[in-house]
Amino acid sequence: MDRESSAASKSTILRRFPAWAVAPTVFSVGVLLFLPALFCPLFLDDYLQAAMVRGRFPAKRGPFDLYNFIDDSVRRFLFDEGALPWWASANIKLKFFRPLSSALLWFDHACLRVPIVMHVHSFLWWIAASLAARALFRRLFSERVATIGFIIFAFAPCHALPLAWLANREALVSLTFGTLGFSSYLRLRQDGKWAWGAAAAAFFSLAVLAGEYGLCIGGYVLAFEIFRRSDPPLRRVLGLLPFALPSGAYLLVRHLWGYGARGSGFYTDPLSDTRAFLEVAPLRLLSLAGDGWVSSDIDTLQPRWLLVPFVLTALVALAWGPARR
């Protein structure tokens, strides 16, 4: 069989593969790929949150506040008991505003209790996030491109951590609602029906209530409005409202109630600890780009400047096509 006939045969097979079978097949393979996460025991923050639910944490934590690890109510006690080392910052704070994800974890620790069952819950959110991404891809691209994107998204290694680490599930929850919000937002801007605007605002609200990761979707919304040159500037500014209003309300409540991170070498908060965030931002940007393009580990790569040529090459490659057009 020559090359052309072989390609034609493969194309025929792809066309004959039933559309309804794509998602079940992808998820079946995905479960096998991520199977170790299903049997992962509790670790790190999972133990703290379990203690909060069982009333064994030094301070009382309700169902919506399981991500409040260190604040004024427990900091001194944690230092005195050695849970925080003496060299830690005297004003360290790790208090995250993630009420929706907190409530889901409260249900897990209070009702499900068995880690493998709790991980099944996380796998359901992975499926939901992947289906939301598939719906978005099908709206923007051809069926073939959308299917390829769906497969790549579902199998992405970045899902391994939130599947294995129960406390990190908020990333999947935020991603699910953020993607649904962006899909609804596109329907609003393309069809002009404000019912889609209400849906987008509702989904974006759920995304940020699940975690600050939901704010990242704002980059896509802003990019859409910047490059939608067919609309006048005022209309494009108004188009931001379904995302801007819930995000602004989230940030205001987060500030008034004293949430945020401070004095941590791992978490840096651009709002409450702007200087620390800006100091590490360039290196972390290189780390993200290097991990995404060449699977480098920033913690082991020495010297770290070796990332620079890889990142610059990737940026040039990405920009070359659009720049030419």
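Nothing fancy with the numbering, it's 1 onward along the sequence.
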Peer 1: For S89 and G263, which heavy atoms make the closest approach, and how far apart are they?
Peer 2: CB-O, 3.6 Å

Peer 1: Might you confirm whether atom CZ of R235 has over 12 heavy atoms from other residues, nucleotides or ligands at distances under 6.0 Å?
Peer 2: no

Peer 1: Rounded at 0.5 Å granularity, tell me how far CZ in F141 sits from CD1 in I148.
Peer 2: 11.5 Å

Peer 1: Please check if atom CZ in R56 has more than 12 non-hydrogen atoms from other residues, nucleotides or ligands closer than 6.0 Å.
Peer 2: no

Peer 1: Checking the side chain of S101 only, and the main-chain atoms of A210 only, is there a donor and an acceptor separated by less than 3.5 Å?
Peer 2: yes

Peer 1: Tell me whether V120 shares a hydrophobic cluster with F107, the cluster being built from Ile, Leu, Val, Met, Phe, Trp, Tyr side chains joined at under 4.5 Å.
Peer 2: yes

Peer 1: Would R254 and D269 satisfy salt bridge (Lys or Arg N to Asp or Glu O under 4.0 Å), going step by step from the backbone distance to the final call?
Peer 2: CA-CA 12 Å; R254 179 180 181 272; D269 190 332; 2.5 Å; yes

Peer 1: Is it possible for you to say whether L42 and L35 belong to one hydrophobic cluster, with membership spreading through side-chain heavy-atom contacts below 4.5 Å?
Peer 2: yes

Peer 1: For the residue pair R169 and S122, what are the closest heavy atoms and their distance?
Peer 2: NE-OG, 2.9 Å

Peer 1: How far apart are the C-alpha atoms of F57 and V74, what are their side-chain angles, what is the distance that settles it, and do they pass the side-chain contact (heavy atoms from CB on, under 4.5 Å) test?
Peer 2: CA-CA 9 Å; F57 194 72; V74 297; 3.9 Å; yes

Peer 1: Would you confirm whether T179, through its side chain, and A133, through its main-chain N or O, come within 3.5 Å as a donor-acceptor pair?
Peer 2: no

Peer 1: Using a 3.5 Å cut-off and no angle test, enumerate the donor-acceptor pairs between side-chain atoms of residues 217-225 and protein atoms at least two apart in sequence or in another chain.
Peer 2:
{"residue": "E225", "atom": "OE1", "partner": "R189", "partner atom": "NH2", "Å": "3.1"}
{"residue": "E225", "atom": "OE2", "partner": "Y185", "partner atom": "OH", "Å": "2.1"}
{"residue": "E225", "atom": "OE2", "partner": "R189", "partner atom": "NE", "Å": "2.7"}

Peer 1: How close do A37 and A160 get, heavy atom to heavy atom, and via which atoms?
Peer 2: CB-O, 4.4 Å

Peer 1: Could you grab the distance from atom SG of C40 to atom CD1 of I116, nearest 0.5 Å is fine?
Peer 2: 11.5 Å

Peer 1: Hey, do the aromatic rings of F97 and Y259 have their centres closer than 6.0 Å?
Peer 2: yes

Peer 1: Considering non-hydrogen atoms only, spot the tightest contact between A167 and Y67 and give its length.
Peer 2: O-OH, 2.8 Å

Peer 1: When you look at CZ of F64, are more than 12 heavy atoms from neighbouring residues, nucleotides or ligands closer to it than 6.0 Å?
Peer 2: no

Peer 1: Is the closest basic N to carboxylate O distance between D71 and R262 below 4.0 Å?
Peer 2: no

Peer 1: So, D72 and K93, do they make that salt bridge, N to O below 4.0 Å?
Peer 2: no

Peer 1: L215 and L241: same hydrophobic cluster, using ILVMFWY side-chain contacts below 4.5 Å?
Peer 2: no

Peer 1: For S183 and A132, which heavy atoms make the closest approach, and how far apart are they?
Peer 2: OG-O, 4.5 Å

Peer 1: Start with the C-alpha gap between V208 and E212, add the side-chain angles, then the distance that decides, and say whether side-chain contact (heavy atoms from CB on, under 4.5 Å) holds.
Peer 2: CA-CA 5 Å; V208 293; E212 61 278 4; over 6 Å; no

Peer 1: Quick one: does R134's side chain have a donor or acceptor within less than 3.5 Å of a partner on S130's backbone?
Peer 2: no

Peer 1: Please check if F39 and W126 belong to a single hydrophobic cluster, counting links between Ile, Leu, Val, Met, Phe, Trp and Tyr side chain heavy atoms closer than 4.5 Å.
Peer 2: yes

Peer 1: Tell me whether the centres of the aromatic rings in F150 and F137 are closer together than 6.0 Å.
Peer 2: no

Peer 1: Distance only, no hydrogens: is a donor on one side chain within 3.5 Å (strictly under) of an acceptor on the other, for R61 and Q49?
Peer 2: no

Peer 1: Starting at CZ of R187, measure out to NZ of K193 and round the result to the nearest 0.5 Å.
Peer 2: 8.0 Å

Peer 1: Evaluate side-chain contact (heavy atoms from CB on, under 4.5 Å) for M118 paired with R113, printing each intermediate quantity in order.
Peer 2: CA-CA 7 Å; M118 298 162 74; R113 293 179 174 268; 5.7 Å; no

Peer 1: How far does OG1 of T176 sit from CG of L172, to the nearest 0.5 angstrom?
Peer 2: 6.5 Å

Peer 1: Report yes or no: does K95 contribute a side-chain atom to a donor-acceptor pair with the main-chain N or O of W257 at less than 3.5 Å?
Peer 2: yes

Peer 1: Please report the interatomic distance CG(L100) to CD(E170), rounded to the nearest 0.5 Å.
Peer 2: 11.0 Å

Peer 1: For the pair R236 (side chain) and I226 (backbone), establish whether a donor and an acceptor sit closer than 3.5 Å, ignoring hydrogens and angles.
Peer 2: yes

Peer 1: Per the ring pair (Phe, Tyr, Trp, His ring centres under 6.0 Å) rule, which among W125, F153, F27 passes with H159?
Peer 2: F153

Peer 1: Closest heavy-atom contact between F155 and V26?
Peer 2: CE2-O, 3.3 Å

Peer 1: Would the distance check show the side chain of R75 and the main-chain N or O of I92 forming a donor-acceptor pair, the cut-off being under 3.5 Å?
Peer 2: yes

Peer 1: Would you confirm whether S73, through its side chain, and A59, through its main-chain N or O, come within 3.5 Å as a donor-acceptor pair?
Peer 2: no

Peer 1: For L66, does its backbone N or O pair with a side-chain atom of S102 as donor and acceptor, under 3.5 Å?
Peer 2: yes

Peer 1: Looking at H119 and L163, would you say the former's side chain and the latter's main chain have a donor-acceptor pair under 3.5 Å?
Peer 2: yes

Peer 1: Hey, what else clusters with Y213 if you join Ile, Leu, Val, Met, Phe, Trp, Tyr whenever side-chain heavy atoms sit under 4.5 Å?
Peer 2: none

Peer 1: Salt bridge (Lys or Arg N to Asp or Glu O under 4.0 Å) for K60 and D65? Distances and angles first, verdict last.
Peer 2: CA-CA 9 Å; K60 184 178 180 181; D65 212 18; over 6 Å; no

Peer 1: For L140 and V145: C-alpha separation, side-chain torsions, deciding distance, then whether side-chain contact (heavy atoms from CB on, under 4.5 Å) applies.
Peer 2: CA-CA 9 Å; L140 295 174; V145 172; over 6 Å; no

Peer 1: Roughly how far, to the nearest 0.5 Å, is CG of L104 from CG of L112?
Peer 2: 10.5 Å

Peer 1: Test of understanding: clusters of I, L, V, M, F, W, Y form through side-chain heavy atoms closer than 4.5 Å, transitively. Do W194 and F243 belong to the same one?
Peer 2: no

Peer 1: Check whether any side-chain N or O of N168 sits under 3.5 Å from a backbone N or O of W165 as a donor-acceptor pair, and report yes or no.
Peer 2: no

